[in-house]
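Taking it in order: structure first as structure tokens, then the write-up.
A quick note: this is a predicted structure, and the numbers were derived from the prediction, not measured. Residue indices begin at 1 and follow the sequence shown.
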Amino acid sequence: MFKKSYMKKISLFLLILVVFSATASATMNVAIITDPTGKDPNGCAAGSQSYAPNMFQSTFLFSQEHKIALLSGGEGTSDVRIAAIITALTKLQQNASLEEIVGTAQSFDGIRLMAVNPTQGISVGGDFQVYVITVDNSSKISIQAASGGVVSVPAGTKGAIIHLRNSEGNPKYGTADRVRLETAMNIGRMIRDGYPATTILSKAFGEVANDSGEDHGGGAVNLISGSTTGDMFTPQKLNDVGYEMEKPYSKVSSTGWSVGYPEAENYQVSPIDGSPLTVVYAYEALGSAITVSSDNPSVSTYGSDKKGISEATSSVVIASVRKNGYDPVEIAKSVNRAIDSGTIVGVEHIDTSDLNVKENIKAVGVYYTSAPNGRTSPSWSLPMDSSMFDLLGNIQSVIGILLILLAVFRSTLIKSFFRRR
């Protein structure tokens with residue numbers, strides 16, 4: 001249960017969203033469970049996108065402790081939505097049911113909350129227009145429309161819930177009802193046919209982006225493995241839109257070289273070995289970022305926001321894991337060879353202390369730095385009480401909290417970095 005002092009801090013912190021940014025709302029929320037036992041590392045996923053700006057406000061909150069993702073949106077204002085989220089987080093810490101958590105939204109005008117846990121199911125509450133999809137053990141697909149109140153996919157059931165509306169100003173306004181149903185039908189078919197939740201989520205993002213115009217990321221989370229898209233698709237500036245999920249995101253060669261758009265338009269083959277390049281669309285990159293396997297880990301990069309670094313690093317790390325397993329020494333050697341060859345550019349060599357290798361969840365973090373003298377990534381001296389991060393240790397906004405923090409305190413962080421050089 002939250003202490004009152006902590007609740008005051010998180011309330012004040014979230015209200016920064018209202019002060020520094022315009023109203024934002026996710027118009028697509030989707031949650032999918034393909035393995036209600038929670039054993040498949042790719043068996044539960046969720047995410048949001050919208051035509052609206054500031055998508056980091058509405059993407060998702062993810063509790064590692066409870067394995068619950070909380071998605072938000074609606075027609076209500078940002079301050080009302082933040083109040084609803086704070087109330088829902090309190091209920092989450094009190095171990096309330098998913099229905100009780102999302103039922104919070106009914107007390108706030110125009111607000112929608114969706115919550116999902118691999119073994120507890122999916123619930124949505126408040127102001128919504130959704131299809132509830134379930135697939136039983138005989139592979140029978142059921143798709144039910146619902147609007148308002150609280151509805152759920154029950155625990156122990158394969159299924160999904162998708163919400164979709166059109167934003168004002170979207171050139172494809174008026175398509176949401178049709179696309180919501182078509183996407184729900186395709187989700188049901190893919191669950192029936194045995195696709196993992198992470199793959200289905202990627203396909204749903206692409207279909208909604210292409211057909212309804214609600215296409216700005218946003219992002220997604222794999223609830224079982226804990227891997228997320230981070231800030232791959234969220235806007236880089238306040239009051240701006242995120243990456244268009246149906247658009248090309250990068251070009252990748254079979255040997256691991258990668259370059260992001262718009263720079264990718266200048267390359268038809270890899271400049272390293274002349275191998276052909278494959279176009280990766282944003283929704284496909286989303287699926288790759290959250291899908292893990294024994295020889296295909298989730299790879300996260302830190303310390304450089306240069307486009308292409310993430311994709312190139314991911315290819316190199318995956319190749320190393322497939323050959324040598326989750327050996328930090330071998331992964332570091334592979335990354336450094338890629339830097340020497342020009343496959344990865346703009347960063348210094350790494351050593352094993354710059355890696356965070358978690359074989360149990362099939363994840364690898366690579367921390368880059370351009371600092372001299374062999375120093376690893378600097379610790380951040382953040383302009384915020386450390387108790388805030390104690391609070392957010394279990395309930396963390398992997399996109400919203402960090403992005404708004406970096407946006408608001410960017411100059412302080414930069415000064416802190418250069419003081420350490």
Side-chain angles (χ1 to χ4, degrees), residues 24 26 28-32 41-42 44-50 54-64 67 69-73 114 116 196-209 214-236 240-250 252 258 260-261 280-293 296-302 304-315 317-318 356 358 361-366 396-404 406:
M28 184 194 81
N29 296 135
V30 60
I32 302 167
N42 299 307
C44 183
S48 300
Q49 65 183 356
S50 177
N54 291 330
M55 267 305 297
F56 54 81
Q57 287 190 23
S58 302
T59 304
F60 57 83
L61 296 165
F62 178 50
S63 168
Q64 287 278 9
K67 292 292 184 182
L70 180 67
L71 291 73
S72 66
M114 185 182 295
V116 54
T198 53
T199 298
I200 300 172
L201 193 76
S202 169
K203 299 290 187 182
F205 265 72
E207 183 173 357
V208 168
E214 301 297 319
D215 59 353
H216 296 138
V221 57
N222 177 329
L223 276 82
I224 297 175
S225 299
S227 54
T228 81
T229 54
D231 61 357
M232 286 175 65
F233 312 112
T234 54
Q236 296 181 357
D240 202 354
V241 295
Y243 203 91
E244 294 169 293
M245 300 302 296
E246 78 277 23
K247 295 297 179 65
Y249 187 76
S250 63
V252 181
S258 175
Y261 278 84
V280 177
Y281 289 85
Y283 69 90
E284 294 174 323
L286 177 146
S288 297
I290 64 172
T291 300
V292 300
S293 66
N296 187 42
S298 171
V299 181
S300 301
T301 59
Y302 308 90
S304 174
D305 58 1
K306 185 177 178 61
K307 285 190 174 182
I309 289 285
S310 177
E311 294 81 2
T313 303
S314 181
S315 297
V317 172
I318 289 171
N356 185 12
K358 296 183 177 180
I361 62 171
K362 315 303 180 188
V364 177
V366 182
Q396 53 183 307
S397 170
V398 292
I399 291 179
I401 299 298
L402 292 180
L403 271 185
I404 196 68
L406 290 173

Minimum heavy-atom separation for [X] to [Y], with atom names?
X    : Y    : answer
I290 : A220 : CG2-O, 3.8 Å
N29  : S72  : ND2-O, 3.6 Å
A197 : I32  : CB-O, 3.7 Å
S225 : P41  : OG-O, 2.8 Å
Y302 : G365 : CE1-CA, 4.3 Å
A209 : D215 : CB-CB, 3.6 Å

Could you work out, with side-chain contact (heavy atoms from CB on, under 4.5 Å) as the rule, every residue matching [X], not counting sequence neighbours?
X    : value
A31  : A46, M114, V116, I122
T291 : N42, T198
T313 : V299, T301, I309, V317, I344, V366, Y368
A282 : F233, Y243, M245, Y249

Using salt bridge (Lys or Arg N to Asp or Glu O under 4.0 Å) as the criterion, list what pairs up with E246, not counting sequence neighbours.
none
What donor-acceptor contacts under 3.5 angstrom involve side-chain atoms of residues 200-208, with partners at least two apart or in another chain?
{"from": "S202", "atom 1": "OG", "to": "Y283", "atom 2": "O", "distance (Å)": "2.6"}
{"from": "E207", "atom 1": "OE1", "to": "N186", "atom 2": "ND2", "distance (Å)": "3.1"}
{"from": "E207", "atom 1": "OE2", "to": "N186", "atom 2": "ND2", "distance (Å)": "3.0"}

V252 backbone acceptor or donor facing S258 side chain under 3.5 Å:
no
Side-chain donor/acceptor of Q49 to backbone N/O of E214, under 3.5 Å
yes
Indicate yes or no: at least one non-hydrogen side-chain atom of V241 is less than 4.5 angstrom from one of P235.
no
Rounded to the nearest 0.5 Å, how far apart are NZ of K358 and OG of S227?
11.5 Å
State the OG-CE distance between S50 and M28, to the nearest 0.5 angstrom.
9.5 Å
